[in-house]
There are 2 protein chains.
Amino acid sequence: MPKLGMEPIRRRQLIKATMEAIDEAGLADTTIVRIARRAGVSAGIISHYFGGKDGLLEATMRQILSDLGEAVTRRRQALPSDSPRDHLRAIIDGNFDRSQVSQSVMKTWLAFWASSMHKRDLQRLQHVNDRRLYSNLCHQFRHCLAKEEARQAARGLAAMIDGLWLRGAMAPEGLDVDRARGLAYDYLDTQLARRTTTRQTTVTTND
Amino acid sequence: MPKLGMEPIRRRQLIKATMEAIDEAGLADTTIVRIARRAGVSAGIISHYFGGKDGLLEATMRQILSDLGEAVTRRRQALPSDSPRDHLRAIIDGNFDRSQVSQSVMKTWLAFWASSMHKRDLQRLQHVNDRRLYSNLCHQFRHCLAKEEARQAARGLAAMIDGLWLRGAMAPEGLDVDRARGLAYDYLDTQLARRTTTRQTTVTTND
DNA sequence: TCTTTTTTATTGAACGTTCAATCAATAAAA
DNA sequence: TTTTATTGATTGAACGTTCAATAAAAAAGA
C-alpha cells in the first residue's frame, strides 16, 4: 500500500524497532532481518532509508541523544527559580527522565557506549554529549564555587549520574529512578555547601 | 614443539591476547583468528583449550574479575588502621588499581558489561561482583551510619566508582587515576561526616 | 469520469563474504 | 609406541547488501 511521505514514518518505526531488538537480543545479535520483522517490513527497506545497517544504528543513537537533550532543555525552561541549584536539579531530572528510563533505551545506550569506543562516528556523538553535560554542570557550579572546585564538582556529579544510570541498566530489578535522583540531589547539595572562601572572579548571584 | 604442561601457558597467552584484541578492534570485531594470530598460535587451539570462543570470553572476564578481587584484598590486608574509613579507602584503591588501569582492561570490561546484559553466564559473573562491592561497602559504612543511611552511602559510592571508571574508559585522554580516587575519597568523607543521631543496633567502633 | 503513464514504496531471493567449529594430519616429547 | 600439542584447510551457517520484480498511488491525458 505505497502512499506518499512514508519516509518519516518508516524511519521512526525502524529506529523504535532497533531499540527493541537491542533490548531483546543485544547489539551483537541484532540483525537487519530481526529489526525489519519487528517493524513489520522487509529487510531491504533498511538500506533504502538508512543506506545500510550502520546508518540505522547511527540514526538510533542520534535519536536517543536528541531525546535526552530535549528532556534536559524542557526541564530547564520550566524552572521554579533561576538559582544554580534549580538548574542543576533540572539537569539531573532530565538525565533521569531519559524519555522514559525504559529498559530498551538504557540497554541501547549502554550498547552504543561500548561500541562507540571503536566506531569513529559513534565516538564523536558520544563525546559531544559528554562535553555538553560536563560543561553545563561546570557553568552552573561556577556560580557558587571557585573554578577548580566547580570543575571537581561537575566531574563528580557527572560520574555519579552515569554510574547510577549504569548500575540501573545492569540491575535485574531495574533502575529505581527516585532513589537515583535522591542520591544525585544529595551529592549536589553537599557540593554546593562547599562554599568557597576565595571569592569567585566573575559571577555572583545571591548572598 | 609440543612439550608437556602447555595448558596454563596457552590459557594465559590467549586470555591476554583476547584483551588486546578487544582493545584494538572491539568485541564485535574480535574473531578467534585475530586472537590466535596475536597469541602466535593457530585458531584451532582456542576450541581445544576453551571449548570455543564463548569459553575464552568467559575465562577472560573471570580473569579480570579475579584480578580486581585480588587487588582489593591485597590492599585491605596491608591497612594503616582497622577504621571503616581505611577499609573503604582500600576498596576504592583496589577498584582503581584494577591490575593496571590499562586501556585494554577497561575496554574489555566495558565490552563485557554491555554484553553481559544478554548472556546469562556473563550476567551471573557481573552480578556476583556487583553484590560483593555493594555488600563490602555497606558493611563498612554500617560501622558509622544507621542501616538505611549506610545503604544509601554504599549505593552512592558504588555508583561514583563505576561512573568515574566508565567516564575514564570513554575519555580520549584516558582515566586520571589520582583525580578519580580523589573524588571518591571526597564522597566517602562527606558520607562518613553524616554521623547518625539514632544509635546503631549492633556495631560500634570508636566514639 | 475513465484510462494510461509515471512515480514512489516495498519485497525477498540471490550473492558474496565472514566466521566459528571441526577434524584429519603431523610432530615432538614421553 | 603412546601420549600430548598443534596446525590449517574445510564446512556449513549466518549475515548485509543488492536488485529485478511488483504493486499501489498520483499525475497526466482523453
Side-chain angles (χ1 to χ4, degrees), chain A residues 1-22 24-61 108 111-112 115 118-122, chain B residues 1-61 108 111-112 114-115 118-122:
Chain A
M1 318 97 174
K3 291 175 192 167
L4 252 64
M6 280 282 103
E7 178 153 352
I9 296 171
R10 290 278 176 258
R11 287 182 71 95
R12 249 183 289 123
Q13 271 183 348
L14 286 167
I15 287 173
K16 179 159 169 283
T18 302
M19 294 190 209
E20 290 168 356
I22 292 176
E24 183 184 87
L27 183 55
D29 292 326
T30 293
T31 69
I32 58 169
V33 172
R34 203 180 200 121
I35 297 171
R37 189 164 21 133
R38 191 169 262 281
V41 294
S42 138
I45 214 74
I46 288 176
S47 293
H48 184 247
Y49 283 125
F50 293 95
K53 192 188 185 187
D54 284 347
L56 173 55
L57 293 180
E58 185 179 327
T60 304
M61 185 164 182
T108 305
F112 281 134
S115 159
H118 302 281
K119 309 236 170 184
R120 206 155 296 281
D121 308 337
L122 298 185
Chain B
M1 319 81 179
K3 291 173 193 166
L4 255 60
M6 281 281 102
E7 179 155 351
I9 296 172
R10 289 278 176 258
R11 287 182 70 96
R12 246 182 291 123
Q13 272 183 347
L14 286 166
I15 287 173
K16 179 160 169 282
T18 302
M19 295 190 208
E20 291 168 356
I22 291 177
D23 178 33
E24 183 184 87
L27 183 55
D29 292 325
T30 293
T31 69
I32 58 170
V33 172
R34 204 180 199 122
I35 296 171
R37 195 174 13 156
R38 192 170 261 281
V41 294
S42 139
I45 213 74
I46 288 176
S47 293
H48 184 247
Y49 284 124
F50 293 95
K53 192 189 185 187
D54 284 347
L56 173 55
L57 293 179
E58 185 178 328
T60 305
M61 186 164 181
T108 305
F112 282 133
S115 160
H118 302 281
K119 309 235 170 183
R120 208 154 293 283
D121 307 338
L122 298 184

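By convention in this document, chain letters (A, B, ...) are assigned in the order of the sequence lines, proteins followed by strands, and residues within each chain are numbered from 1.
A/Gly51 comes within 4.0 angstrom of nothing in the nucleic acid, heavy atoms only. Counting any heavy atom pair closer than 4.0 Å across all strands shown, A/Phe50 reaches no nucleic acid atom. Counting any heavy atom pair closer than 4.0 Å across all strands shown, B/Gly44 reaches a base atom. B/Thr31 comes within contact range of the sugar-phosphate backbone alone, with a heavy-atom separation under 4.0 Å but no base atom that close. Residue-level contact check: A/Gly5 touches the backbone only, with heavy atoms under 4.0 Å from sugar-phosphate atoms and none from bases.
Among the nucleotides D/dT7, C/dA21, C/dT11, the one closest to any side-chain atom of B/Ser42 is D/dT7. The listed nucleotides are C/dA21, D/dT7, D/dT17; the one nearest the side chain of B/Ile32 is C/dA21. If you check C/dA30, C/dT10, C/dG12 against the side chain of B/Leu4, the one that comes closest is C/dA30. Comparing C/dT22, D/dA5, C/dT10 by their closest approach to the side chain of A/Ile45 singles out C/dT10.
Rounded to whole Å, atom C1' of D/dC15 lies 12 Å from atom CD1 of A/Ile35. As a whole-Å value, the separation of B/Ile46 CD1 from D/dT6 P is 13 Å. As a whole-Å value, the separation of B/Glu7 CD from D/dT3 C1' is 15 Å. Separating the CG atom of A/Leu14 from the C1' atom of C/dA9 is a distance of 13 Å, rounded to the nearest angstrom. Separating the NE2 atom of B/His48 from the C1' atom of C/dC23 is a distance of 12 Å, rounded to the nearest angstrom. Residue B/Leu56 contributes atom CG, which lies 16 Å from atom P of C/dC19 at whole-angstrom precision. Note: NZ (A/Lys53) to P (D/dT18) measures 15 Å, nearest angstrom. Rounded to whole Å, the distance from CE on A/Met6 to C1' on D/dA26 is 14 Å.
Using the Watson-Crick or G-U wobble rule with both distances under 3.5 Å, D/dG16 pairs with C/dC15. Within the shown strands, D/dT1 is the pairing partner of C/dA30 under the Watson-Crick or G-U definition, both distances less than 3.5 Å.
By the 4.0 Å N-to-carboxylate-O rule, A/Lys119 lies too far from A/Glu58 to be salt-bridged with it.
Contact between the side-chain N/O atoms of A/Arg34 and the OP1/OP2 oxygens of D/dC15 is not found at any separation under 4.0 Å.
Test B/Ile32, B/Ile46, B/Thr30 against B/Leu56 for side-chain contact (heavy atoms from CB on, under 4.5 Å) and you get one pass: B/Ile46.
Here the closest non-hydrogen pair linking B/Arg38 and B/Ala17 is CD-O, 3.6 Å. Heavy-atom minimum distance, B/Arg11 versus B/Ala59: NH2-CB, 4.3 Å.
With contacts defined as side-chain heavy-atom distances shorter than 4.5 Å, the pair A/His118/B/Asp29 does not qualify.
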